[in-house]
Enquirer: 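One structure coming up, written as structure tokens, with questions to follow.
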2 protein chains.
Amino acid sequence: MAEDGKSTVRAVERALDILLCFTKKKEWAMTELADSVGLHKSTVHRMLATLEERGFIVRDAASDRYKLGLRIWELSANMSGADDPAVIGLPEMERLRDMLGETVSLYLRDGNERIRIQAVQSIQAIRRVAPIGVRLPLYVGASSKVLIAFEEAAKREELLQDASWPPSFDRQQFQEQMAEWQRLGYAMSVEEREQGAAAVAAPVFSRTGKLVAALSVSGPANRLTPEIMRSQAPAVIEAARRLGVMLK
Amino acid sequence: MAEDGKSTVRAVERALDILLCFTKKKEWAMTELADSVGLHKSTVHRMLATLEERGFIVRDAASDRYKLGLRIWELSANMSGADDPAVIGLPEMERLRDMLGETVSLYLRDGNERIRIQAVQSIQAIRRVAPIGVRLPLYVGASSKVLIAFEEAAKREELLQDASWPPSFDRQQFQEQMAEWQRLGYAMSVEEREQGAAAVAAPVFSRTGKLVAALSVSGPANRLTPEIMRSQAPAVIEAARRLGVMLK
DNA sequence: CCCTAAAGTTTCATAGAGTGAAACTTGGTT
DNA sequence: AACCAAGTTTCACTCTATGAAACTTTAGGG
């Protein structure tokens, strides 16, 4: 039972791992799941029965495969509290989008990854939903820079020392540039994570001065040149500041 | 291990029950949770450690209490598939809202309850987030009528026979009125669930003709008189039809 | 239409995982 | 300081979760 630090419940861990599979793919057959998590068929079967009984997953009537159930919806609806940046920030993000005409995203750091918790698209009237909730690496992109550079010193060190970064990540260079981002109050990226994409991001601080999120404006690199982004930076910083004071 | 039908995993059930507590309240102390689910402190402690390790819950740094973690977000984002009415239906719902000037909601049946999975408010520009995801009883309200009356015959019977309805629910009367709703293609309610509120609802069918949701228009009863609602019904039915063809 | 393969379901003996009582620690209040 | 409540850790025991194997259902091919 003893593991790294706290003692946990194996059966529950396994069940949660099964649930987490649904972030990779929306529909799973039982055997697929068993292979994916490396458990025996009959174990997965029992787990799925349990998860289904509580409404966390459902069986698609047609395909006989498993999907996430409505209880997940219910939970996520209830997690949006008065302090949820995704909800509170929406109007401010829309304002910024209308002002700059580009996609505006809000990122939270979770461990050594970041999650896009809210986004308003540039062109489409209705926001694309797919990319909300995605996990992205914390070592590329303007938002990542912000989420590290403006973190508390201790946390910042811890993140930089993280062994799980890929070899391509240049700690040295990153650390050197960090001072500049801190001075300017924003960071940029050009075709780091995605071909042909560029972004400017600014930190969102809570009233207590703690970093809570990164607000980014992103778009095609040929439109968002470094020069253009520099000119947009003040608007992003201002929006991020307003966003910050709205929180908690 | 043997229970009603399928065999389940007790530890997992307990963990899920703990998670489900967060639909009632957003923040919990450990002892509160232990009392609520009727488990020993140390058991809950272990469960929470497990849930936390996987990111399903987090400890609020300030209050030292537990809240739902970002993994829930991630899951809910991934559950919105190409067939999620909540996402696809939004534009159509907004159209209807703009046309009638009242709140438009979309309900799904889950067991013998219904869930409001999407809503666009009448007045506010930004949609109220709180009530999305709430579970409501299936025996009152226009949407409930629709979610039962337009279900397949077998399912309909099963639902009507459900023993968990309160004594106040008049099966006889319900069944008599059902034919009328089916004939008209919509149902109304006046001050059934909530004082001073009224609603018209129409069924949303998938392309295969299966009932998938109920679309409702609701507002204050003094504005939404039966007469007015009757005149709005065709628009609701049409919007529900359009919504249906968009699905899957 | 039958045969075979794959996927899903149930059964069951066993080990080891989960459990809760109790002891211990931490932090805040009178 | 002493107290109390909340949270955390330990540990022996038992019952629960487990996976192998048998069995059932479904799907596809000859």
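Just so we're on the same page: letters track the sequence lines, and every chain starts at 1.
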Enquirer: To check you understand the geometry: which heavy-atom pair defines the closest contact between A:Ala202 and A:Val146, and what is its length?
Expert: C-CG1, 3.8 Å

Enquirer: Any carboxylate oxygen within less than 4.0 angstrom of a Lys/Arg side-chain nitrogen, looking at B:Glu238 and B:Arg242?
Expert: yes

Enquirer: Given that A:His45 and A:Ala11 both sit by DNA chain C, which one's nearest nucleotide is further toward the 5' end?
Expert: A:His45

Enquirer: Between A:Asp110 and B:Arg71, is there a side-chain N and carboxylate O pair less than 4.0 Å apart?
Expert: no

Enquirer: What is the distance from CD of A:Glu13 to P of C:dG16, rounded to the nearest Å?
Expert: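 Going from CD in A:Glu13 over to P in C:dG16 covers 18 Å.
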
Enquirer: Go through the structure and list residues passing side chain to side chain donor-acceptor pair (under 3.5 Å) with A:Arg14, not counting sequence neighbours.
Expert: none

Enquirer: Measure CG/B:Leu51 against P/C:dG18 and give the value in whole Å, please.
Expert: 13 Å

Enquirer: Rounding to an integer number of Å, can you tell me how far B:Asp64 CG sits from D:dG7 P?
Expert: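 Distance check: B:Asp64 CG to D:dG7 P gives 8 Å.
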
Enquirer: Using the side-chain heavy atoms of B:Arg10, tell me which of these nucleotides is nearest: D:dG7, D:dT16, D:dT18.
Expert: D:dT16

Enquirer: Just to verify, which of B:Lys210, B:Arg109, B:Lys145 counts as forming a salt bridge (charged side-chain N to carboxylate O under 4.0 Å, His left out) with B:Glu151?
Expert: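 Going through the options one by one, the only one that passes is B:Arg109.
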
Enquirer: Donor-acceptor pairs under 3.5 angstrom involving side-chain atoms of residues 137-144 of chain B: please list them, not counting sequence neighbours.
Expert:
from	atom 1	to	atom 2	distance (Å)
B:Ser144	OG	B:Arg114	NE	2.7
B:Ser144	OG	B:Pro137	O	3.2
B:Ser144	OG	B:Val140	O	2.7

Enquirer: In whole Å, I'd like the distance from the CD atom of B:Glu27 to the P atom of D:dA6.
Expert: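 Value for this atom pair: 16 Å.
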
Enquirer: How long is the line joining CZ of B:Arg46 and P of C:dA21, in whole Å?
Expert: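 One finds 12 Å between P of C:dA21 and CZ of B:Arg46, rounded.
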
Enquirer: Is it true that B:Phe174 and B:Trp165 have ring centroids separated by less than 6.0 Å?
Expert: no

Enquirer: Tell me which residues in residues 36-44 of chain B lie within less than 4.0 Å of DNA chain D, going by non-hydrogen atoms.
Expert: B:Lys41, B:Ser42

Enquirer: Which nucleotide in the set D:dG7, C:dG8, C:dT19 lies at the smallest distance from any side-chain heavy atom of B:Met30?
Expert: D:dG7

Enquirer: Using whole Å, report how far CE of B:Met47 lies from C1' of D:dT16.
Expert: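 In whole Å, D:dT16 C1' lies 12 Å from B:Met47 CE.
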
Enquirer: In whole Å, I'd like the distance from the CG atom of A:Asp35 to the P atom of D:dG19.
Expert: 14 Å

Enquirer: Report the residue (B:Arg14 or A:Arg65) whose heavy-atom-nearest nucleotide on DNA chain C is the more 5′ of the two.
Expert: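 The 5'-side residue here is A:Arg65.
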
Enquirer: In whole Å, I'd like the distance from the CH2 atom of B:Trp28 to the P atom of D:dG7.
Expert: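 That distance rounds to 13 Å.
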
